[in-house]
Amino acid sequence: MQQAQNIISFSTNQQLAEAATAEILRYAQQMIARSGKFKLVLAGGSTPNLIYQLLSQSQADWQNWWIFWGDERCLPVDDGERNSLMAKQAWLEKVAIPAAQVFPMPTEKGAAIAAADYQAIVAKYSPFDIVLLGMGEDGHTASLFPGHQHNVSELVHAVYNSPKPPSDRVSLSAKVLSEAREVLFLISGAGKQQAFKQWQQGADLPVAQIRPANGVKIYADNAALGLV
Ligand code: 6PG
């Protein structure tokens with residue numbers, strides 16, 4: 001299946017974050033009205049931090065939100081480089097989402113055990129409503145890196161030798177990410193220009209392997225699009 005794309009450009013990262021926050025809140029309201037819950041997969045890295053801060057200042061039906069992660073670094077739970085800690089400090093500990101509905105990847109147990117544990121959670125709760133994803137300067141997304149081979153029957157991968165520290169991680173598979181109702185890429189900064197261009201020219205990068213039925217939404221600022 002080809003990857004259908006809807007690219008939306010923004011002058012600044014602030015405007016990108018405001019639009020992404022509005023889209024997430026709108027979709028949450030829609031899914032809660034339809035099914036009583038909203039299942040959101042969070043992206044790691046630094047780009048989503050402003051979105052998480054804006055969500056912490058928003059009004060929503062938090063008791064019906066269910067939070068998952070697309071990937072996590074194998075670090076202690078209180079390590080500042082953990083994707084889960086970044087989201088908790090920016091947002092999750094400031095709103096009333098029930099703790100029983102927040103599912104960090106237990107990567108403090110090591111990649112193999114954490115991936116096996118999370119496989120059961122993904123099997124129970126996927127498909128997800130929205131998956132947020134970043135893109136690295138090499139075209140990776142979540143912790144799916146160029147040149148890495150994975151067992152396509154897995155829902156969750158243990159990742160070793162990551163080129164982006166730390167070397168050990170856990171990642172949802174391209175298959176699970178592609179089963180989401182909506183995939184929203186968040187791409188900001190001039191450092192992403194080269195990878196974005198290669199992606200658009202058809203390079204078989206990990207970002208290109210996420211192919212949901214409804215296509216992907218790409219929120220990118222002008223710096224990433226090379227328009228500044
Ligand atoms: C991680 C992320 C990773 C990230 C991209 C973009 O754990 O590092 O999951 O996939 O989304 O590397 O990172 P930035 O948003 O910091 O550029």
Side-chain angles (χ1 to χ4, degrees), residues 3-72 82-105 121-122 125-135 141-142 171-172 176-189 192 207 210-221 224:
Q3 183 190 57
Q5 298 178 353
N6 177 10
I7 301 173
I8 300 147
S9 63
F10 299 90
S11 301
T12 65
N13 183 45
Q14 174 74 30
Q15 288 174 353
L16 184 159
E18 288 167 0
T21 301
E23 170 69 1
I24 294 164
L25 290 168
R26 179 193 67 77
Y27 210 93
Q29 209 163 19
Q30 181 183 326
M31 292 314 298
I32 291 168
R34 184 186 303 177
S35 69
K37 66 170 68 161
F38 173 56
K39 299 180 284 183
L40 174 63
V41 175
L42 301 187
S46 56
T47 300
N49 201 333
L50 182 51
I51 295 166
Y52 300 156
Q53 290 174 37
L54 293 173
L55 283 169
S56 76
Q57 299 154 21
S58 307
Q59 297 301 315
D61 250 351
W62 298 123
Q63 69 278 8
N64 295 313
W65 286 48
W66 295 65
I67 304 295
F68 307 84
W69 272 264
D71 74 324
E72 183 57 277
R82 281 273 298 235
N83 291 330
S84 54
L85 186 62
M86 184 262 275
K88 285 180 180 177
Q89 289 175 336
W91 166 33
L92 298 176
E93 62 193 18
K94 300 175 180 174
V95 299
I97 299 176
Q101 294 168 202
V102 178
F103 297 89
M105 292 178 163
I121 290 170
V122 171
Y125 293 104
S126 73
F128 299 107
D129 295 320
I130 293 189
V131 163
L132 303 179
L133 287 171
M135 182 189 73
T141 192
S171 182
L172 295 189
V176 166
L177 295 169
S178 301
E179 287 169 350
R181 289 183 175 80
E182 177 169 309
V183 171
L184 182 53
F185 279 99
L186 308 161
I187 302 178
S188 169
K192 308 297 174 74
V207 283
I210 313 303
R211 299 179 184 147
N214 298 331
V216 298
K217 283 189 180 175
I218 301 171
Y219 280 19
D221 66 9

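Owing to the predicted nature of the structure, the values given are computational and were not obtained by experimental measurement. In what follows, every heavy atom counts, from backbone to side chain, and hydrogens, waters and symmetry copies are set aside. We number each residue from 1, following the sequence as shown.
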Worked verdict on F38 versus I130 for side-chain contact (heavy atoms from CB on, under 4.5 Å):
CA-CA 8 Å; F38 173 56; I130 293 189; 4.0 Å; yes

Using side-chain contact (heavy atoms from CB on, under 4.5 Å), reason through L42 and Y52 one step at a time and then give a plain yes or no.
CA-CA 9 Å; L42 301 187; Y52 300 156; 3.3 Å; yes

Derivation of the side-chain contact (heavy atoms from CB on, under 4.5 Å) call for I24 and L132:
CA-CA 9 Å; I24 294 164; L132 303 179; 3.9 Å; yes

I'd like a table of donor-acceptor pairs (distance under 3.5 Å, sequence neighbours excluded) in which one partner is a side-chain atom from residues 91-104, with atom names and distances.
{"from": "K94", "atom 1": "NZ", "to": "Q89", "atom 2": "O", "distance (Å)": "3.4"}
{"from": "Q101", "atom 1": "NE2", "to": "Q63", "atom 2": "O", "distance (Å)": "3.0"}
{"from": "Q101", "atom 1": "NE2", "to": "W65", "atom 2": "O", "distance (Å)": "2.7"}

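Looking at residues two or more places apart in sequence or on another chain, you find no salt bridge (Lys or Arg N to Asp or Glu O under 4.0 Å) involving D61. Applying the side-chain hydrogen bond (donor to acceptor under 3.5 Å, both in side chains) rule to R34 yields no partners; only residues at least two apart in sequence or on another chain are considered. Every residue was checked against the side chain to side chain contact (heavy atoms under 4.5 Å, CB included) condition with N214, not counting sequence neighbours, and none meets it. Annotation: side chain to side chain contact (heavy atoms under 4.5 Å, CB included) contacts of S9 (sequence neighbours excluded): N222, L225. When the side-chain hydrogen bond (donor to acceptor under 3.5 Å, both in side chains) test is applied to S84, the partners found at least two apart in sequence or on another chain are E72, R82. Applying the side-chain hydrogen bond (donor to acceptor under 3.5 Å, both in side chains) criterion to Q30, with sequence neighbours excluded, gives R26. Taking Q15 as the reference, F10, S11, T12 meet the side chain to side chain contact (heavy atoms under 4.5 Å, CB included) condition, with sequence neighbours excluded. Scanning for salt bridge (Lys or Arg N to Asp or Glu O under 4.0 Å) contacts around K88 gives an empty result, with sequence neighbours left out. Remark: S188 engages N13, D221 in a side-chain hydrogen bond (donor to acceptor under 3.5 Å, both in side chains) (not counting sequence neighbours). Looking at residues two or more places apart in sequence or on another chain, you find a side chain to side chain contact (heavy atoms under 4.5 Å, CB included) between S178 and I210.
Checked by atom type, the side-chain pair Q57/Q53 shows no donor-acceptor distance below 3.5 Å.
Side-chain atoms of Q3 come within 3.5 Å of backbone N or O of V207 as a donor-acceptor pair. The backbone N or O of K37 sits less than 3.5 Å from a side-chain atom of S35, completing a donor-acceptor pair.
With values rounded to the nearest 0.5 angstrom, K217 atom NZ is found 6.0 Å from I8 atom CD1. Annotation: the span from R211 atom CZ to Q5 atom CD amounts to 10.5 Å, rounded to 0.5 Å. Between the CD1 atom in I51 and the CG atom in L186 there is a gap of 4.0 Å [rounded to 0.5 Å]. One distance of note links OG1 of T47 with CD1 of I187; it measures 8.5 Å at 0.5 Å rounding. With values rounded to the nearest 0.5 angstrom, W62 atom CH2 is found 9.0 Å from I32 atom CD1. The distance from the CE atom of M135 to the CD1 atom of I218 is 9.0 Å, given to the nearest 0.5 Å.
Applying the ring-ring contact (aromatic ring centres under 6.0 Å, His included) rule to pairs touching residues 15-35 yields nothing, sequence neighbours excluded.
At least one side-chain heavy atom of L133 sits less than 4.5 Å from a side-chain heavy atom of V183. Considering only heavy atoms from C-beta on, S58 comes within 4.5 Å of L25 through its side chain.
Pairing each heavy atom of N83 with each of G45, the nearest pair is OD1-N, 3.1 Å. Of all heavy-atom pairs between Q14 and L50, the closest is OE1-CD2, 3.4 Å. In terms of heavy atoms, A43 sits closest to G134 at CB-N, 4.0 Å. Taking each heavy atom of Y219 and L16 in turn, the nearest pair found is O-CD1, 3.4 Å. In plain terms, the two heavy atoms of N49 and A90 that are nearest each other are OD1-CB, 3.3 Å. Heavy atoms only, all atoms of each residue included: G70 and V41 are closest at N-CG1, 3.3 Å.
Using a cut-off of 4.0 Å between Lys/Arg side-chain N and Asp/Glu carboxylate O, K39 and D129 are scored as not salt-bridged.
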